Amino acid sequence: MSSLSTFLARAGKRADTTVDELRMRLRHRFRFGYCTIHILPYRSYGIPDQLTLMGRVIERTSDILPDGDD
């Protein structure tokens, strides 16, 4: 990666971390709870001595309905 790309990637990660920490502090300070948390797994893969799991965790106030092909 070029130095600009590396700089932008690191700056984006710092900004994301800062926003997450701020949200957590505000929730704690104002005693807000969390909504329902959903784990959305992605296709993962593995070999005999290594497993790679991918997915994301999202917080939603409404239900997530599966698609027809799920």
Side-chain angles (χ1 to χ4, degrees):
M1 281 172 51
S2 71
S3 61
L4 178 59
S5 297
T6 302
F7 171 77
L8 291 175
R10 287 181 181 162
K13 183 174 172 62
R14 278 192 303 266
D16 184 55
T17 301
T18 301
V19 168
D20 286 344
E21 288 174 355
L22 177 61
R23 285 182 69 208
M24 189 170 52
R25 286 181 191 159
L26 289 172
R27 283 178 189 266
H28 182 70
R29 178 160 179 89
F30 295 109
R31 295 188 167 97
F32 287 132
Y34 287 94
C35 296
T36 304
I37 296 194
H38 298 275
I39 299 173
L40 302 177
Y42 296 151
R43 186 173 303 256
S44 301
Y45 58 93
I47 57 176
D49 59 343
Q50 182 179 3
L51 177 64
T52 301
L53 301 172
M54 293 177 275
R56 66 184 202 176
V57 177
I58 59 173
E59 178 183 0
R60 298 197 66 172
T61 56
S62 62
D63 290 334
I64 299 174
L65 301 176
D67 292 335
D69 62 347
D70 286 347

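Here the structure is a predicted model, which is why all the values come from computation and not from measurement.
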Review point. Would you say Thr52's side chain and Ser44's backbone share a donor-acceptor pair under 3.5 angstrom?
Key: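 Not confirmed, Thr52 side chain does not pair with Ser44 backbone.
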Check your understanding: Taking everything shown except Leu22 itself, do over 12 heavy atoms lie less than 6.0 Å from its CG?
Key ->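 Above 12, so yes.
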Review point. Can you tell me how far OH of Tyr42 sits from CG of Leu53, rounded to the nearest 0.5 angstrom?
Key: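 It comes to 13.5 Å.
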Review point. Atom OG1 of Thr18 and atom CZ of Arg14: how far apart are they, to the nearest 0.5 Å?
Key: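 Going from OG1 on Thr18 over to CZ on Arg14, the span is 8.5 Å.
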Study note, to complete from the structure: Residue set satisfying side-chain contact (heavy atoms from CB on, under 4.5 Å) with Arg43, at least two apart, ordered chain then number -> none
Practice item. With sequence neighbours left out, write down each residue that passes side chain to side chain donor-acceptor pair (under 3.5 Å) with Arg27, or none if nothing qualifies. Key: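 Arg27 satisfies side chain to side chain donor-acceptor pair (under 3.5 Å) with Glu59 only.
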